[in-house]
Amino acid sequence: MILVNGVVAFGITVFTIEFWLGRADDLPEKELRMLRLVFRQVMQDHVEPHAPDELLRFAIDGMVEGLHDKHSKFVPGDRARAFDSETTGEYQGIGIGIVPDHIPITVRYLLEDSPAERGGIAVGDRIVQIDGERLDQVTKSNVMEEARRRLLGAPGSTVRVVVQRGSDVETEVELTRGVQGTSVKWARLVDQQARIGYLYVSAFQQRTAAELDHELRFLEEQAGGALEGLVLDLRHNPGGLLTESIAVANRFLTRGNIVSLRARGDVEHARHDVDPSKTTHPSLPLVLLVNDDSASASEVLCGALQDHQRAAVVGAQTYGKAVVQSIYRWDGLDFRLKLTTSRYLTPNGRSLGRIERGRDGKPEGGITPDVEVALPPKVGEAARVRLQDFEVPRRYKAAAAALALELGFEGEAEPLGPEQDAQLGRALEVLRERMARAAPEAGNSAESKR
């Protein structure tokens with residue numbers, strides 16, 4: 001698996017030092033003997049007791065940290081599940097949102113095709129029991145946290161939930177945990193008459209390209225035909241799976257290179273070019289929104305579309321992460337190693353690596369927007385919170401809104417509009433300019449190949 005983002009977590013259980021080190025024929029004998037001696041002495045004489053596996057994890061941590069590469073990491077196995085969830089978008093749960101600070105625990109919405117939805121749970125259901133334990137026996141101040149703790153678990157594991165609906169009749173359902181989260185959100189027409197769409201991509205996960213296709217079809221249905229323009233928002237998108245970033249770029253390009261990877265010694269070891277059969281919107285006028293939190297896979301997408309002059313980039317300078325990590329797994333062991341294995345170049349040969357310029361100097365690197373727009377800090381933070389909030393799935397929006405009115409809690413907050421969000425406002429201006437230029441050239445600029 002290849003990533004262009006930056007977080008990891010993993011672990012390892014070590015039984016004896018000889019198991020791990022005795023077979024390392026390729027290790028320098030002197031250093032291997034040093035490690036054995038230090039290990040033995042610490043185990044024998046350090047004022048605090050230590051487990052053997054703990055000491056060896058310290059050694060592995062030190063080895064990876066000694067690379068002076070903040071993107072390469074070894075992290076213990078008890079956090080591997082969280083890392084995998086972040087990478088793939090699958091997380092451990094049954095796929096519900098609950099009404100905040102409300103007792104009894106009440107279902108606010110469900111994720112589409114989630115265990116809860118397949119099990120027949122509905123908006124407004126009250127969860128009264130989990131795995132045989134009644135929630136009304138839990139202290140009120142702890143019940144929300146306790147409910148979350150009991151509902152979470154390893155994907156594939158089961159949980160028994162008892163719900164009340166309407167009357168006091170209780171129904172028990174057994175659910176198998178495992179939920180695929182979404183990374184493409186807030187699909188809407190920002191200008192119905194002009195057929196201008198908007199999408200936010202929060203990360204590049206296992207199904208991002210497929211989600212993009214689905215949301216573009218939804219926007220086309222809402223528009224009553226092909227879109228005439230699209231704003232693709234990548235602000236606060238830290239990256240993710242390189243394959244998904246490439247697939248999204250491919251939707252809008254018809255030919256040429258998307259990205260190339262260079263390994264040790266500056267040797268090109270992978271080149272990713274456009275596959276014309278996967279192009280769906282070759283001439284749709286496009287603007288990308290970015291900021292200094294847009295990194296890695298986001299920058300791969302931006303670099304490809306900017307170099308091919310396929311999209312205008314609006315916002316603030318991106319982060320500047322020009323390296324790619326590979327994730328290594330070994331059978332029978334529960335840790336992962338995330339290791340920087342290559343650098344990437346945009347189609348025009350640009351390396352986007354961040355270069356710090358001292359305490360007062362502005363960092364160099366990343367994508368420089370075609371149109372730079374800054375947001376006041378308070379507005380920027382408000383925009384971030386709204387974008388990163390969870391979006392209620394469309395089929396449950398009406399029921400969730402009605403429940404919010406009934407129970408008196410605050411309903412879903414939409415992202416800031418162009419009147420408040422100057423970056424979005426300027427992106428729409430730039431998009432309309434591109435649409436006006438494209439119209440005489442192609443007639444229908446939003447050609448969509450199916």
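One is the number of the first residue; the rest follow in order along the sequence.
The pair Arg432-Asp191 meets the salt-bridge criterion, since a charged nitrogen lies less than 4.0 angstrom from a carboxylate oxygen. Look at Asp69 and Lys338 and you find no salt bridge, because none of the NZ, NE, NH1 or NH2 atoms lies under 4.0 Å from a carboxylate O. A salt bridge is absent between Arg217 and Glu220; no separation between the charged side-chain nitrogens and carboxylate oxygens falls under 4.0 Å. Between Arg354 and Glu299, none of the side-chain N atoms (NZ, or NE/NH1/NH2) sits under 4.0 Å from a carboxylate O, so this pair counts as no salt bridge. By the 4.0 Å N-to-carboxylate-O rule, Glu381 lies too far from Lys378 to be salt-bridged with it. At a threshold of 4.0 Å, the pair Arg150-Asp131 does not count as salt-bridged, since none of the basic side-chain nitrogens sits closer than that to a carboxylate oxygen. Glu170 has a carboxylate O that lies under 4.0 Å from a charged side-chain N of Arg134, or vice versa, which qualifies the two as a salt bridge. One finds a salt bridge joining Arg118 and Asp113 here, because a Lys/Arg side-chain nitrogen approaches an Asp/Glu carboxylate oxygen to under 4.0 Å. Ion pairing between a basic and an acidic side chain is recognised when a charged N comes within 4.0 Å of a carboxylate O; Glu414 and Arg188 show no such pairing.
Residues Arg434 and Gln309 approach most closely at NH2-O, 3.7 Å, considering heavy atoms. When all heavy atoms of Val184 and Glu211 are compared, the pair lying nearest together is N-OE1, 2.9 Å. Closest approach of Leu289 and Leu424 over heavy atoms only: CD1-CA, 3.9 Å. Counting all heavy atoms, side chain and backbone alike, Arg108 lies closest to Ala400 at O-CB, 3.5 Å. Here the closest heavy-atom approach between residue Trp186 and residue Leu387 is recorded as NE1-O, 3.1 Å. Scanning all heavy atoms of the two residues, the minimum distance from Ala249 to Ala304 falls at CB-CB, 4.5 Å.
Panel note: side chain Thr318, backbone Ala295; no donor-acceptor pair is recorded below 3.5 Å. In this structure, Asp370 contributes its side chain and Ala312 its backbone to no donor-acceptor pair below 3.5 Å. The main-chain N or O of Ala154 is found under 3.5 Å from a side-chain atom of Ser157 such that the two form a donor-acceptor pair.
Looking at heavy atoms from C-beta onward, Val162 lies out of side-chain contact with Ile127 at the 4.5 angstrom threshold. Looking only at side-chain heavy atoms (C-beta outward), Tyr319 and Pro238 stay at 4.5 Å or farther from each other. At least one side-chain heavy atom of Cys302 sits less than 4.5 Å from a side-chain heavy atom of Val290. The closest side-chain heavy-atom distance from Glu172 to Val161 is not below 4.5 Å.
Within the cation-pi definition used here (under 6.0 Å to the ring centroid, within 45° of the axis), Arg310 does not qualify as a partner of Phe252. Arg336 forms no cation-pi arrangement with Tyr328, by the criterion of a distance under 6.0 Å to the ring centre and an angle within 45° of the ring axis.
Here the options are Lys185, Arg394, Arg207, the test is salt bridge (charged side-chain N to carboxylate O under 4.0 Å, His left out), and the partner is Glu215; only Arg394 passes.
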